[in-house]
Amino acid sequence: MCDFNSKNLGRCLCIITGASKGFGRSLAQQVPHILQAGSRVLLVARSALLLEELKTELENLTVPRGLVVHCVAADLSTTEGVATTLQAATRGNVNDFNHVLVINNAASLGAISQFSSFTDPAEVNAYISFNISSALALTAGVLQAFPKRPNLRRTVVNVSSVFAHKPLPRWVLYCTAKAARDMMFKVLATEETDVKVLSYSPGPMDTEMQEEIFRKTGVSHDLLPCQKPGAKLLNLVLDSNFPSGAHVDFFDQ
Ligand code: NAP
């Protein structure tokens with residue numbers, strides 16, 4: 001377990017997309033340690049079984065007492081999946097929480113192929129719909145359901161990548177989506193100044209996405225265990241002294 005210096009996020013509604021595997025799962029395993037009693041964690045992904053296993057694991061933790069964990073088996077590439085997630089997020093009394101934290105982590109790698117091969121708008125739209133639109137619509141819906149009020153902290157995390165800023169040949173889908181998401185969340189930071197917004201690049205991690213990268217490109221990297229970039233992200237959210245809308249990298253000092 002990582003050291004969070006006895007700080008906590010309060011009585012928090014914490015929504016984590018892509019919680020079934022990889023980085024999202026690791027965040028879900030760490031975040032309960034910094035929540036107060038009465039908090040609720042929403043685990044969102046398509047794999048219901050993996051989410052249920054994780055829920056059991058989290059419910060067996062001794063702290064915090066009274067942690068409620070909900071699984072939302074939803075496909076965020078569809079309108080229905082976003083709606084189901086929003087319904088689950090906004091169920092109950094909005095005054096039960098003094099902090100709402102949305103971690104937009106779910107994403108896909110997509111096809112890795114030359115720019116000139118992307119002639120099918122349907123393929124591009126499907127990628128954009130999941131990787132950009134769903135994060136916008138879900139975050140917007142949560143912010144609408146939890147409007148600004150005294151004593152309510154609102155934090156939005158966008159799990160980003162170094163490829164939000166660095167063009168990589170054949171990675172047009174992934175780079176474009178990450179760049180768009182960073183800008184989208186910068187706009188949010190400018191618009192809603194009470195919302196603390198962070199785009200966080202976790203570095204290369206040992207996950208299924210990296211296995212997919214290896215399969216598709218033959219390129220392998222030195223990989224971090226997810227826990228390390230996860231702990232850094234949660235410490236950033238705890239300390240909250242980054243400028244809202246900032247892009248922070250795991251390797252930044
Ligand atoms: P991963 O191992 O592929 O996991 C992706 C997660 O997203 C899974 O929980 C998956 O669950 C969920 N997901 C995928 N499609 C979904 C859909 N249509 N609807 C709902 N959930 C869906 O990826 P990861 O490596 O942990 O990546 C997590 C984040 O970190 C991503 O934003 C990625 O871009 C970013 N990142 C990763 C690395 C890296 O080296 N791994 C580096 C920089 C940034 P289901 O399959 O159960 O739906």
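Just follow the structure's listing: the first ligand is 1, and inside any ligand the first atom is 1. Values reported hereafter were calculated over all heavy atoms of this structure, with side chains retained and with hydrogens, waters and symmetry mates removed.
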Identity and distance of the protein heavy atom lying nearest [atom]:
{"atom": "atom 19 (N) of ligand 1", "answer": "Leu76 N, 2.8 Å"}
{"atom": "atom 21 (N) of ligand 1", "answer": "Ala45 CA, 3.7 Å"}
{"atom": "atom 4 (O) of ligand 1", "answer": "Lys21 CB, 4.2 Å"}
{"atom": "atom 6 (C) of ligand 1", "answer": "Gly18 CA, 3.6 Å"}
{"atom": "atom 14 (C) of ligand 1", "answer": "Arg46 NH2, 3.5 Å"}
{"atom": "atom 22 (C) of ligand 1", "answer": "Phe130 CZ, 3.8 Å"}
{"atom": "atom 8 (C) of ligand 1", "answer": "Ser20 OG, 3.7 Å"}
{"atom": "atom 39 (C) of ligand 1", "answer": "Met205 N, 3.5 Å"}

(message) One thing to verify: whether Asp96 and Arg11 come together as a salt bridge, which I'm taking to mean a side-chain N less than 4.0 angstrom from a carboxylate O.
(response)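 Salt bridge absent between Arg11 and Asp96.
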
What atoms of ligand 1 come within less than 4.0 Å of a heavy atom belonging to [X]?
{"X": "Tyr174", "answer": "33 (C), 34 (O), 35 (C), 36 (N), 44 (C)"}
{"X": "Ala107", "answer": "31 (C), 32 (O), 34 (O)"}
{"X": "Gly22", "answer": "26 (O)"}
{"X": "Gln210", "answer": "39 (C), 40 (O), 41 (N)"}
{"X": "Ala74", "answer": "19 (N), 20 (C)"}
{"X": "Asp75", "answer": "17 (C), 18 (N), 19 (N)"}
{"X": "Val159", "answer": "29 (C), 30 (O), 32 (O), 35 (C)"}
{"X": "Pro204", "answer": "40 (O)"}

Min heavy-atom dist [X] to ligand 1 below 4.0 Å:
{"X": "Pro202", "answer": "yes"}
{"X": "Asn105", "answer": "yes"}
{"X": "Gly203", "answer": "yes"}

(message) Donor-acceptor pair, distance only, cut-off 3.5 Å: does the side chain of Ser20 make one with the backbone of Leu51?
(response)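 Here the side-chain-to-backbone pair does not exist.
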
(message) Quick check against the 3.5 Å criterion: does Tyr174 have a side-chain atom that pairs as donor or acceptor with the backbone of Ala111?
(response) no

Taking C-beta and beyond as the side chain, do [X] and [Y] meet within less than 4.5 Å on heavy atoms?
{"X": "Phe130", "Y": "Ser108", "result": "yes"}
{"X": "Leu76", "Y": "Val82", "result": "yes"}
{"X": "Gln30", "Y": "Gln227", "result": "yes"}

(message) To the nearest 0.5 Å, what is the distance between OG on Ser39 and CG on Asn98?
(response)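 Ser39 atom OG to Asn98 atom CG measures 8.0 Å (nearest 0.5 Å).
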
(request) Output the distance between atom CG (Asn104) and atom CG (Leu198), rounded to the nearest 0.5 Å. (result) 11.5 Å

(message) Distance to the ring centre below 6.0 angstrom and angle to the axis at most 45 degrees; does that hold for Lys228 and Phe250?
(response)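 Not satisfied by the 6.0 Å and 45° rule.
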
Within reach of ligand 1, part of [X] (heavy-atom separation under 4.0 Å):
{"X": "Lys178", "value": "side chain"}
{"X": "Ser108", "value": "neither"}
{"X": "Ser134", "value": "neither"}

(request) State whether the number of non-hydrogen atoms from other residues, nucleotides or ligands found under 6.0 Å of Asp222 atom CG is greater than 12. (result) no

(request) Can you establish whether the number of heavy atoms outside Asp120 located under 6.0 Å from its atom CG is more than 12? (result)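 Yes, CG of Asp120 has more than 12 neighbouring heavy atoms, counting only those of other groups under 6.0 Å.
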
(message) Is a donor from one side chain sitting under 3.5 angstrom from an acceptor on the other, for Thr155 and Lys196?
(response)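 There is no such pair between these side chains.
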
(message) Quiz question: by atom type and distance under 3.5 Å, do the side chains of Arg40 and His70 form a donor-acceptor pair?
(response) yes

(message) If you apply the rule side-chain contact (heavy atoms from CB on, under 4.5 Å), what do you find for Ile16 with Leu42, and how did you get there?
(response) CA-CA 6 Å; Ile16 305 174; Leu42 218 74; over 6 Å; no

(request) Select the closest option to atom 25 (O) of ligand 1 among Thr207, Leu223, Thr78, judged by heavy-atom distance. (result) Thr207

